[in-house]
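Only one structure is covered here, and it is reproduced in the block below.
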Amino acid sequence: MEDTTILYSSLSLLFLIFAFKLWFQPTTHRKNLPPSPPSIPILGHLHILKPPMHRAFQHLAEKYGPIFSLRFGSHLVVVVSSASAAEECFTKNDIVLANRPKLLIGKHIHYNHTTLVQAPYGDHWRNLRRITAIEVLSSHRLNTFLSIRRDEIKRLLEKLSRASRQGFSKVELKTMFSELTFNVMMRMVAGKRYYGDDVEDEEEANRFRKIVKEAAAYGGASNPGDFLPILNWIDGGNFMNKVASLSKRIDEFLQGLINEHRSKKVGLENTNTMIGHMLSLQESQPEYYTDQIIKGLILVTLLAGTETSAVTLEWAMSNLVNHPKVLKKARAEMDAQVGQERLIDEPDVSELHYLQSIISETLRLYPAAPLLVPHMSSDNCTIGGYDVPRDTILLINAWAIHRDPKLWNDPISFKPERFKIGEGETRKIMPFGLGRRACPGAGLAQRIVGLTLGSLIQCFEWKRVGKDKVDMTEGRGITMPKTQPLEKLESKQTATMEDTTILYSSLSLLFLIFAFKLWFQPKTRCKNLPPSPPSIPVLGHLHILKPPMHRAFHNLAKTYGPIFSLRFGSSLVVVVSSASAAEECFTKNDIVFANRPKLLMGKHLGYNHTTLAQAPYGDHWRNLRRITAIEVLSSHRLNTFLSIRRDEIKRLLEKLSRASRQGFSKVELKTMFSELTFNVMMRMVAGKRYYGDDVEDEEEANRFRKIVKEAAAYGGASNPGDFLPILNWIDGGNFMNKVVSLSKRIDEFLQGLIDEHRSKKVGLESTNNMIDHMLSLQESQPEYYTDQIIKGLILVSQERLIDEPNVSKLHYLQSIISETLRLYPTAPLLVPHMSSGYCTVGGYDVPRETRKIMPFGLGRRACPGAGLAQRVVGLTLGSLIQCFEWERVGEDKVDMTEGTMWKDLVVDCLKINIHAAINSKEKVVRLGIIIRNHEGDQVMAVGCQKLQVVYSPQIVEALISRYAASVERWFVPV
Ligand code: HEM
């Protein structure tokens with residue numbers, strides 16, 4: 001028995017009393033009602049209805065004909081399942097049947113039946129419909145929102161593209177589609193995204209997502225109390241209370257959006273939003289455009305316009321992977337009409353007839369609203385010769401009509417071919433309803449579904465996971481969802497559509513114009529450029545570069561020699577891959593090459609190229625380098641921070657020790673190492689820890705971690721627009737906006753730290769940190785130690801450490817670190833250099849403004865943090881070797897493949913077994929120290945037999961005394 005049956009069962013007592021009363025009351029005067037199955041008192045036919053309703057109604061129609069009647073409690077319901085009867089409803093009877101039944105949801109959620117969907121037929125509804133047609137969903141207004149649809153679809157493509165970078169990979173489309181449609185609608189309505197990245201107000205977005213989820217749950221559940229009001233009473237008003245509470249929250253949320261717009265607190269995009277537009281109409285016609293009317297319009301757009309489109313997309317993709325031939329044909333059409341050089345756009349959809357047939361066939365077999373939205377008669381009428389009294393609920397079973405064997409050959413097969421142009425087949429389907437209450441959003445829905453589906457077909461290859469077809473059973477709910485969310489799909493990007501290619505693809509038109517201009521522009525005067533692979537106009541060699549770049553360059557060097565040149569768009573790039581040529585760069589040409597190319601990141605994240613890492617070679621850079629060498633990273637200052645490094649390493653050891661309490665255990669070192677270095681840096685800079693335990697201000701730490709994560713993501717992604725500025729323009733400044741927003745947050749964060757120190761609100765440790773030191777220098781030389789300079793210095797010191805080690809005396813340890821850096825340099829291509837004048841390398845001409853990338857850091861722009869890095873890496877590695885035994889998990893060697901990001905050469909995740917030396921008691925006893933916990937278990941042993949050979953007893957002693965004091969806090973040493 002279903003949910004509702006629990007309620008029905010409580011009826012048994014009341015049953016007898018009412019049964020007799022109702023059974024013997026005078027029946028309706030009309031004689032010729034549509035045929036009806038046998039019913040029972042009170043419930044009528046409610047007890048025979050099992051979801052999905054459209055299937056239950058289809059079975060009844062097979063027995064009682066295409067027009068039959070039912071009783072839902074005391075309400076008469078007529079169900080229509082033939083095209084001719086439906087036509088009669090929406091032509092002859094259109095006005096009489098243009099009412100809606102008054103259900104509980106309509107009362108509470110739809111502002112007491114006043115929204116467009118729920119309003120009774122009449123002046124108010126007509127007005128709303130007019131406003132919607134002209135002010136909300138008109139062709140003109142939809143066109144102004146095209147950029148939103150493009151942008152959201154582009155984000156979906158990027159997401160899929162990231163997921164399928166390595167070839168076919170499993171993706172879950174249901175959520176992606178629903179997020180897409182919600183974002184499109186909310187950006188149209190309020191200029192806001194509530195799903196995915198770039199969500200401005202996470203808390204507000206959360207509230208919205210929660211409301212949406214709840215509304216979907218109640219929308220889907222039909223409320224039996226609507227038809228049998230006594231059930232609401234038996235239910236103790238539980239369902240009603242829930243709906244009322246939800247409607248209150250929805251109202252508050254929508255009112256909040258309106259108030260925000262009214263007080264103009266919103267960003268740029270919002271000047272052209274539905275709310276903004278409605279508020280401007282409110283000024284001239286305040287009596288009509290009340291806040292409630294506006295809220296109702298937003299609500300309806302969101303409720304009626306999102307899930308319907310998302311569900312249609314899901315059904316369409318399921319059909320395509322179940323019918324690979326259809327998919328192939330759609331792709332062929334796409335290739336012929338649009339090609340692979342550019343991305344499909346909305347106007348293309350009208351030329352893609354097969355794509356449209358796929359959508360029509362999807363809507364035929366899987367209409368998102370299989371019973372449309374219930375209608376109600378406002379007067380007596382007849383349908384198919386039967387009498388239909390006033391206040392009868394009318395349900396049109398569009399789902400059954402779409403599968404009627406009298407109308408369609410092979411009705412349950414998916415055959416888009418049946419919708420041949422000019423044959424009028426599309427007129428036989430009614431997924432958007434018919435007549436005056438038909439869907440006003442059909443145009444918008446077709447645009448969203450057409451462009452999204454077209455883009456997915458164009459940009460990716462799709463196949464099912466495994467042999468089984470995607471399950472096509474429909475679930476319950478107002479919109480007809482799939483029972484199984486669509487996740488058994490694998491997507492792979494088609495060869496030509498790499499990330500950047502999506503952008504390049506928009507180039508086709510501009511291509512020819514620029515190609516000729518660039519191709520025939522005067523060639524550089526240098527005659528003897530380094531050899532170069534064949535290039536193409538505009539892009540140069542950008543299209544042949546596949547990450548990881550250092551490997552791509554290595555392969556090119558095999559063909560073109562150790563000094564070769566490339567063109568990144570309009571920039572000449574020289575790649576140097578031999579030690580002798582590199583030496584030439586950093587000795588003879590050191591000054592010429594001491595420049596840096598001006599990239600977007602440097603502009604926005606490097607204070608307009610003024611930080612040490614980004615500044616052009618010159619007085620400003622020299623000054624920064626001097627300050628860094630003397631005031632920030634000098635031996636003397638590094639020594640004063642020794643305690644910080646010791647403490648952070650000690651914390652790492654403790655963490656590992658806790659993990660390996662029971663012997664060997666699996667650990668993830670990548671995160672630990674990265675947290676260690678960030679903590680060391682931030683304690684030196686500001687006296688604060690942002691990772692692990694003992695974080696003082698969790699919210700501030702969160703902000704910092706978020707910024708770090710984002711900066712890493714953008715740092716890794718090279719921006720093609722740096723080399724082909726027109727791409728920034730085509731991209732709509734999207735990447736740039738993200739970077740600008742990030743840089744703003746970084747600046748605010750750093751300024752916050754400085755201000756905090758200035759007002760001395762910080763703890764003890766902070767008297768000896770970089771910011772305080774800089775602020776004291778600011779007092780004496782305010783013109784040089786400006787806040788911006790200080791922020792730039794903090795920023796630069798956050799760059800990852802790792803360089804040549806020199807833990808004195810541990811020569812073998814030193815060699816291990818050197819060998820690691822030889823094979824796996826952290827910045828495999830260093831940081832790009834740029835020539836500030838003409839020079840030669842290896843006999844080749846290198847013109848001014850050539851970028852140079854090479855595998856070793858030498859010369860005046862070599863890493864200034866080498867000393868600090870040596871200390872951190874040396875001490876950490878030494879301690880790890882000393883304190884733990886290490887083993888791999890399983891037989892396999894740790895995967896040494898490097899990631900694709902620049903600088904991210906660290907393996908993805910080091911999974912190594914660790915083991916405190918507690919298993920080998922003998923060895924430990926020989927060293928003479930075992931650390932036990934309060935229960936007396938051995939938990940940590942500092943040093944082990946193997947290390948005795950390497951370390952002198954003095955070192956072991958020093959280590960013990962260094963750690964024992966703090967270890968005592970946790971464990972009692974023996
Ligand atoms: C694939 C997507 C969609 C489908 C299949 C669909 C289907 C329907 C259907 C069957 C109806 C009821 C017709 C009737 O009562 O006979 C309806 C009504 C409505 N739809 Fe859609 N719809 C979709 C998308 C949209 C969109 C994108 C919007 C707006 C943003 C929208 C707004 C509405 C409204 C406001 C009504 C109520 C109209 C009234 O009662 O006067 N729909 N839709």
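Just so you know, ligand 1 is whichever comes first in the structure, and atom 1 is the first atom listed for that ligand. Side chains are part of it too, since the values below use all heavy atoms of this structure and drop only hydrogens, waters and symmetry mates.
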- Query: Would you say R403's side chain and L365's backbone share a donor-acceptor pair under 3.5 angstrom?
  - Reply: yes
- Just which atoms of ligand 1 are under 4.0 Å from any heavy atom in T312? 1 (C)
- Query: By ring-ring contact (aromatic ring centres under 6.0 Å, His included), which residues pair with H375, not counting sequence neighbours?
  - Reply: F90
- Taking only non-hydrogen atoms of P431 and a 4.0 Å limit, the atoms of ligand 1 in range are 5 (C), 7 (C), 10 (C)
- Message: For atom 37 (C) of ligand 1, what is the closest protein heavy atom, and at what distance to 0.1 Å?
- Response: V117 CG2, 3.7 Å
- Note on the structure: Within a distance under 2.8 Å of atom 21 (Fe) of ligand 1, the protein atoms of type N, O or S are C439 SG
- Message: Can you report which non-hydrogen protein atom sits closest to atom 35 (C) of ligand 1, along with the distance?
- Response: V300 CG1, 3.1 Å
- Just need the protein heavy atom nearest to atom 30 (C) of ligand 1, so name the residue and atom and give the distance. T301 CG2, 3.6 Å
- Within a distance under 4.0 Å of any heavy atom of W125, pick out the atoms of ligand 1 and give their elements. 39 (C), 41 (O)
- Any salt bridge between E425 and K428, counting N to O under 4.0 Å? yes
- Message: Quick check on K210: does its NZ atom have over 12 non-hydrogen neighbours (other residues, nucleotides or ligands) under 6.0 Å away?
- Response: no
- Message: Looking at D410, I want to see if its CG is surrounded by more than 12 non-hydrogen atoms of other residues, nucleotides or ligands under 6.0 Å.
- Response: yes
- Donor + acceptor pair across side chains of R100, Y121 (<3.5 Å): no
- Item | ligand 1 contact on L116 by region, counting heavy-atom pairs under 4.0 Å | both
- Task: Would you tell me whether K92 and T382 have side-chain atoms, one donor and one acceptor, within less than 3.5 Å of each other?
- Result: yes
- Message: At less than 4.0 angstrom from any non-hydrogen atom of R129, what atoms of ligand 1 do you find?
- Response: 38 (C), 39 (C), 41 (O)
- Message: Taking R447 first and then E346, would you say they form a salt bridge - that is, a charged N and a carboxylate O separated by under 4.0 Å?
- Response: yes
- Query: So which of L180, T452, L444, N183 actually passes side chain to side chain contact (heavy atoms under 4.5 Å, CB included) with R149?
  - Reply: L444
- Message: Checking contacts here: is it the side chain or the backbone of H375 that comes within 4.0 Å of ligand 1, counting heavy atoms only? Could be both or neither.
- Response: side chain
